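In what follows, a single structure is set out as structure tokens and then discussed.
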Amino acid sequence: MTINVPRGTVDLFGKQLQLFNLIINTARDVMKVYCYDEIQTPIFEEYRLFERGVGETTDVVQKEMFIFGDDENRYVLRPELTAPVARFIVENTLNKQQDLIKLWYAGAAFRKERPQKGRQRQFHQIGIECVGADSPGCDVEVISVFESILQKLQIVTYKLYVNSIGCANCRKDYRNKIKEYYLPKLNKLCKDCNNRYERNVFRLLDCKVQSCRDERTDTPPMKSFLCRQCADFHKCVLDLLSKDGVKYIEDNFLFRGFDYYTRTVFEWRSSQLGAQSEISGGGHYDNLLADIGGDSLPGVGFACGVERLMILLENNNPLVPQKQLVYGIYVDEEQKDAIYSVISSVRAKGIPADMSFITKSVKSQMRQAGKQNAKYVCILGKDEADVGKIKIKNMSTGEEKLVEQNKIFDFLQ
RNA sequence: GUGGCUGUAGCUCAGUUUGGUUAGAGCACCUGGUUGUGGCCCAGGUUGUCGCGGGUUCAAAUCCCGUCAGCCACCCCA
């Protein structure tokens, strides 16, 4: 019987883990420059947080959450991190201590879905939330932060899509208009779109089925339904983006799956990811804080998928620096303890050192040293031990030196 | 939740169409070629419940049924 990793999860190890850490560390550097504070919230939360925050009709809340506990205490593994961060802000009334709250996070999220490329049941998000200012500048800053991360990671194969979905008021008018527009076309639309018509009309605007896209051609865009404030706000966001040199594509049919978004929404997509083309996404939210019981504060944020960034980066060959490793080799069993002492003293100096504890020929120990990409090997045999010396070999030049055992550090650099 | 594809050595896979001795290859690993010297080369060697369970058959990796797992895709999202 073998025990496997749970479905949709992976063990991170070796190169993959290096890549993972590279991404987190890069993000951390960028956050520092943009003056965001790191926050870590628990990996599980009360069920109600997501029911209220993300929305009880969303797919994520309806069918993708890992729920546990009992009727009195229902918990879920967090499916996203915006609602938990909002909860943190509300619970600690951070807005009473400062005007603008700028937080970033990196952590695992969980969704009970069928795994596929770029989609896991446990995945990791890096994200930020900027809460407290009703300014288009915040939306633009949030977008800039992720642009900056992409730049630092030298990722260029992506596109940024931006839209405004307005406030609750303008969206209500638009919803009616869309329903009216699609009503006579329902029999021409796919099964999913017929579903969407009832549950969330806007989603049928970005259906991938070609026949549905064909029916979309004359659809009035959201843009024409934005109220004065929302329209001004959106124009200001787009102007600032251009001034900031951020390249974006206006996508009037971009809508997102969480209920909390209002006004600005955005997504970064790459064609190199497989079907799950979204690298990162986010938007503005005016009602989330109030919805979960806090003061009415606007916010904006993004969340990116670390695993999706990893897919984009794993074709690049990261530079593997030559290892600063000293490998100890004993010729006979009698020198085993002595070479261990040598290794220990090297380690004590902070230099990586290793040896084989399995008695093998010098040849196989040399092979092991080569495999571990050692820079130097220290060879100790009877000949050397008798005169209190040790042989040091430089593995890249092949040069060998016989040196006093207490002077080896003069030769290891 | 739905659909398609794939499960054979540690890894990548061939062999399945058309059932037939002892299931192969490359890589990796180990040993040797050098009394105590890596990479390259050469010689040799180790490794398999052919995913699992059942059925058909003289005979099953191969055909049939079931089941599990993985991948990819739909929905939705990171």
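Order of the sequence lines sets the chain letters (A, B, ...), proteins ahead of strands, with each chain counted from 1. In this text the structure is predicted, and so the values were computed from the model without any measurement.
- Residue A/Gln116 places at least one side-chain N or O under 4.0 Å from the OP1 or OP2 atom of B/A73.
- Base-pair partner of B/G1: B/C74 (Watson-Crick or G-U wobble, both distances under 3.5 Å).
- For the pair A/Gln276 and B/C76, the criterion of a side-chain N or O lying under 4.0 Å from OP1 or OP2 is not met.
- Within the nucleic acid shown, A/Thr58 has no heavy atom closer than 4.0 Å to any nucleic acid atom.
- Rounded to the nearest Å, the gap between the C1' atom of B/U47 and that of B/A23 is 14 Å.
- Nucleotide B/U37 holds its P atom 17 Å from the CD atom of A/Gln368, rounded to whole Å.
- For A/Asp206 and B/C74, the CG to P distance is 13 Å, given to the nearest whole Å.
- Using P as the reference atom, B/C74 and B/G66 are 27 Å apart when rounded to the nearest Å.
- Not a single donor-acceptor pair, N or O on each side, falls under 3.5 Å between the base of B/U31 and the side chain of A/Lys363.
- In this structure, A/Tyr260 has its ring center closer than 6.0 angstrom to the ring center of A/Phe258.
- Taking 4.0 angstrom as the limit, A/Ser361 places a side-chain polar atom (N or O) nearer than this to OP1 or OP2 of B/G32.
- Here the P atom of nucleotide B/U35 and the CD1 atom of A/Ile379 are 15 Å apart, to the nearest Å.
- Between A/Trp268 and A/Phe266, the two ring planes are perpendicular [angle over 60°; tilted spans 30° to 60°].
- When heavy atoms are screened at a 4.0 angstrom cut-off, A/Tyr327 is found touching no nucleic acid atom at all.
- With both ends at atom C1', the span from B/U46 to B/C27 equals 15 Å, rounded to whole Å.
- Taking a cutoff of 4.0 Å between a charged side-chain nitrogen and a carboxylate oxygen, A/Lys102 and A/Glu141 qualify as a salt bridge.
- If you check every strand for non-hydrogen atoms under 4.0 Å, A/Asp332 touches nothing.
- B/U57 and B/U8: their C1' atoms are spaced 22 Å apart (whole Å).
- Side-chain N/O atoms of A/Gln365 and base N/O atoms of B/G36 include no donor-acceptor pair closer than 3.5 Å.
- One P atom belongs to B/U6, the other to B/U18, and the distance between them is 16 Å to the nearest Å.
- Geometric assessment of A/Lys177 against the ring of A/Phe225 yields a negative cation-pi assignment under the 6.0 Å and 45° thresholds.
- Residue A/Ala275 is classed as a sugar-phosphate contact, given heavy-atom separations below 4.0 Å to backbone atoms only.
- Between A/Glu400 and A/Arg308, the residue whose closest nucleotide on RNA chain B is further toward the 5' end is A/Glu400.
- Ring geometry for A/Phe255 versus A/Tyr174: interplanar angle under 30°, hence parallel rather than tilted (30 to 60°).
- The gap from the P atom of B/G15 to that of B/G20 amounts to 13 Å, rounded to the nearest Å.
- For the OP1/OP2 pair of B/C68 and a distance below 4.0 Å, the side-chain nitrogens and oxygens of A/Arg7 include no atom meeting the criterion.
- Residue-to-nucleotide contacts include no donor-acceptor pair under 3.5 Å from the side chain of A/Arg114 to the base of B/G70.
- We find that CD of A/Glu113 is positioned 10 Å from P of B/A78, with the value rounded to whole Å.
- Residue A/Lys371 places at least one side-chain N or O under 4.0 Å from the OP1 or OP2 atom of B/C29.
- Look at A/Asp383 and A/Lys391 and you find no salt bridge, because none of the NZ, NE, NH1 or NH2 atoms lies under 4.0 Å from a carboxylate O.
- Taking atom C1' on both nucleotides, B/G70 is separated from B/G38 by 38 Å, rounded to a whole Å.
- Ion pairing between a basic and an acidic side chain is recognised when a charged N comes within 4.0 Å of a carboxylate O; A/Arg196 and A/Asp206 show no such pairing.
- Taking only side-chain atoms of A/Val362, from C-beta outward, the nucleotide of B/A78, B/G36, B/C76 with the closest atom is B/G36.
- Nucleotides B/U12 and B/C71 place their P atoms 13 Å apart, quoted to the nearest Å.
- Between A/Phe123 and A/Gly398, it is A/Gly398 whose nearest contact on RNA chain B lies nearer the 5' terminus.
- Within 4.0 Å (heavy atoms only), A/Glu384 reaches at least one base atom of the nucleic acid.
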